[in-house]
Amino acid sequence: MEKNNILIIGGNGFIGQYVVRESLRKGFKVYNISLNENKSFIERKNIINYYCDISEHDFVQKNILDKIPFKYIINCSGFGKHNGFWNGGVKVIKDHYLGLLNVLESINYKSIEGFVQLCTSDVYGDYIAPQKEYLREKSISPYSASKTAATHLLQMLYRTEEFPAKILRLFLPYGPGQSLNMFLPQVILGCLKDKEFPVSLGEQYRDFLYIDDLIDAIFLSLKSEKANGEVINIASGNPIKIKEMVQKVQKMIGRGKPQFGKYPYRKNENMMLYGSIEKARTILNWEPSTNINLGLSKTIEYYKKIIKG
C-alpha cells in the first residue's frame with residue numbers, strides 16, 4: 001500500500017469529497033488534508049485525515065508529509081472567493097498560492113508520479129470565447145491571480161526539474177453536495193421553496209460541468225505523462241445562458257420566482273466564458289458524458305432530500 005499513497009489537499013470540499021471517494025474506490029491509501037473534519041470520512045478504512053491550514057508556515061514545520069512516499073497528489077484546496085485585494089484578497093492569495101508553496105516544500109518530491117492542480121476559468125479575464133489554453137492569463141481578482149501564479153510555478157518545476165504537474169482549468173463544476181452559497185444550489189433551493197430570489201439579467205454564457213465528468217478528467221490526467229506541464233480546459237463543451245439555466249431549473253421543478261436583474265453583474269465580468277475542450281480530448285482522450293438535463297435532475301433530487309431532511 002505504501003506504493004499506492006495519494007494525498008488529497010482539500011478533501012472535505014465539494015470536489016475534494018468526490019476525489020477522496022473515487023480514490024478509495026480505486027484502492028488508494030488516502031491521506032486527506034482539510035481545515036475541518038468530515039464525519040463520513042473518520043471511520044472509513046484506508047484514509048488518514050489531517051486538519052490544518054496549509055497556508056500557515058507552521059504547516060511546513062510540523063513535518064507531517066515529508067516522511068510519506070506519496071505517489072500522487074491532487075490539490076483541491078481553497079475556496080473560489082472573489083474578494084478585492086484590500087478586502088480579504090490577501091488571505092485568498094495565501095490560501096491558493098502560499099498554501100501550494102508550503103505543500104511543495106513539505107513533500108518528498110522524488111516519490112511523486114503525478115500532481116494535479118485544479119485551476120479556474122476566471123484566469124481568462126475578458127478573452128473572447130471559446131477560451132483556449134495558450135492565451136496569456138488576464139486575472140481579474142486575487143483569486144484568479146493566485147491560480148495564475150500557481151500555474152506558472154508548477155510549469156516552471158516541470159520544465160526545470162521534470163516535476164509531473166498537470167493543471168486543470170475548470171469551468172463551473174456542479175452537482176450533489178455543492179455548497180449552498182453557490183449559484184446553482186441557491187437557484188435550486190429558491191425554486192424548491194417557491195421563493196422570490198434575486199439573479200442577474202442572466203445574459204452571460206457559461207459552461208456547467210457535472211461533477212462525475214470532472215472526476216473522470218482528474219484521474220485520467222493523474223497518470224497521463226502527456227499531460228505533464230500542461231494546462232488543460234475541463235468543461236462540458238456546451239455553453240448556456242445563465243438566464244436559460246435558471247429557467248431550466250424552474251421548469252424542471254415546476255415552481256420558483258427568479259427576479260432577473262435584481263443582482264448586478266460582477267465588475268469586469270466576462271459575458272462569454274466557455275472554453276475549448278479540444279486539448280482534453282487530444283491529450284486525455286476525455287469527453288464529458290453527462291448532459292445538462294441529466295446532471296440537473298440528479299442535482300435537484302439531492303437538494304430535495306436536503307430540504308426534507
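Quick note: numbers below take in every heavy atom, side chains included, and nothing from hydrogens, waters or symmetry partners.
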Starting from the C-alpha separation in whole Å, work towards a yes-or-no answer on side-chain contact (heavy atoms from CB on, under 4.5 Å) for Y303 and Q178. CA-CA 10 Å; Y303 288 104; Q178 193 171 26; 3.5 Å; yes
Nearest 0.5 Å, please: how far is [atom2] in [Y] from [atom1] in [X]?
| X | Y | atom1 | atom2 | answer |
| --- | --- | --- | --- | --- |
| S289 | D216 | OG | CG | 6.5 Å |
| L189 | I306 | CG | CD1 | 8.5 Å |
| L35 | C52 | CG | SG | 8.0 Å |
| E230 | R169 | CD | CZ | 11.5 Å |
| K195 | Q259 | NZ | CD | 13.0 Å |
| I218 | S23 | CD1 | OG | 9.0 Å |

Test item: [X] and [Y] side chains (from C-beta on) under 4.5 Å apart, heavy atoms:
| X | Y | answer |
| --- | --- | --- |
| K71 | N5 | no |
| I215 | V19 | yes |
| I6 | I74 | yes |
| K147 | D122 | no |
| K62 | Y50 | no |
| K257 | F197 | no |
| K241 | Q204 | no |
| I292 | Y174 | yes |

Whether [X] side chain and [Y] backbone form a donor-acceptor pair below 3.5 Å:
| X | Y | value |
| --- | --- | --- |
| N233 | A280 | no |
| D213 | T290 | yes |
| E133 | I232 | no |
| Q186 | P198 | no |
| E203 | I242 | no |
| S276 | P130 | no |
| N268 | I140 | no |
| N46 | K29 | no |
| S34 | G11 | yes |
| Y31 | I68 | no |

For residues [X] and [Y]: do they belong to one hydrophobic cluster (side chain heavy atoms under 4.5 Å, members Ile, Leu, Val, Met, Phe, Trp, Tyr)?
| X | Y | result |
| --- | --- | --- |
| L180 | Y18 | yes |
| V92 | V103 | no |
| Y143 | L172 | no |
| F14 | F183 | yes |
| I73 | L157 | yes |

Where [X] and [Y] come nearest, the two heavy atoms and their spacing:
| X | Y | answer |
| --- | --- | --- |
| E37 | Y51 | CA-CE2, 3.0 Å |
| L284 | A217 | CD1-O, 4.1 Å |
| C76 | I8 | SG-CG2, 4.4 Å |
| L192 | R255 | O-NE, 2.9 Å |
| G27 | N4 | O-ND2, 3.1 Å |
| T299 | P176 | OG1-CD, 3.8 Å |

Under a 4.0 Å N-O cut-off, is there an ion pair linking [X] with [Y]?
| X | Y | answer |
| --- | --- | --- |
| K26 | E22 | yes |
| D126 | K138 | yes |
| R206 | E269 | yes |

Take L100 and L153 through the side-chain contact (heavy atoms from CB on, under 4.5 Å) test and state the conclusion after the steps. CA-CA 9 Å; L100 173 63; L153 172 65; 4.2 Å; yes
Residues [X] and [Y]: side-chain donor-acceptor under 3.5 angstrom:
| X | Y | result |
| --- | --- | --- |
| S224 | S221 | no |
| S144 | T120 | no |
| N32 | N49 | yes |

Pick one: which of N228, T160, V231 meets side-chain contact (heavy atoms from CB on, under 4.5 Å) with Q155? V231
State whether the number of non-hydrogen atoms from other residues, nucleotides or ligands found under 6.0 Å of K279 atom NZ is greater than 12. yes
Centres of the Y274 and F171 rings: under 6.0 Å? no
When the aromatic ring centroids of F115 and F163 are compared, is their separation below 6.0 Å? yes
Going through the checks in order, is the side-chain contact (heavy atoms from CB on, under 4.5 Å) test met by E113 and F70? CA-CA 8 Å; E113 296 183 17; F70 295 114; over 6 Å; no
Take D207 and S236 through the test side-chain hydrogen bond (donor to acceptor under 3.5 Å, both in side chains) and record every step on the way to the result. CA-CA 6 Å; D207 189 307; S236 75; 2.7 Å; yes
Between Y109 and D66, does the side-chain hydrogen bond (donor to acceptor under 3.5 Å, both in side chains) criterion hold? Intermediate values first, please. CA-CA 9 Å; Y109 67 92; D66 63 348; over 6 Å; no
Check the pair K91 / S55 against side-chain contact (heavy atoms from CB on, under 4.5 Å), numbers first and verdict last. CA-CA 9 Å; K91 180 64 168 67; S55 71; 4.2 Å; yes
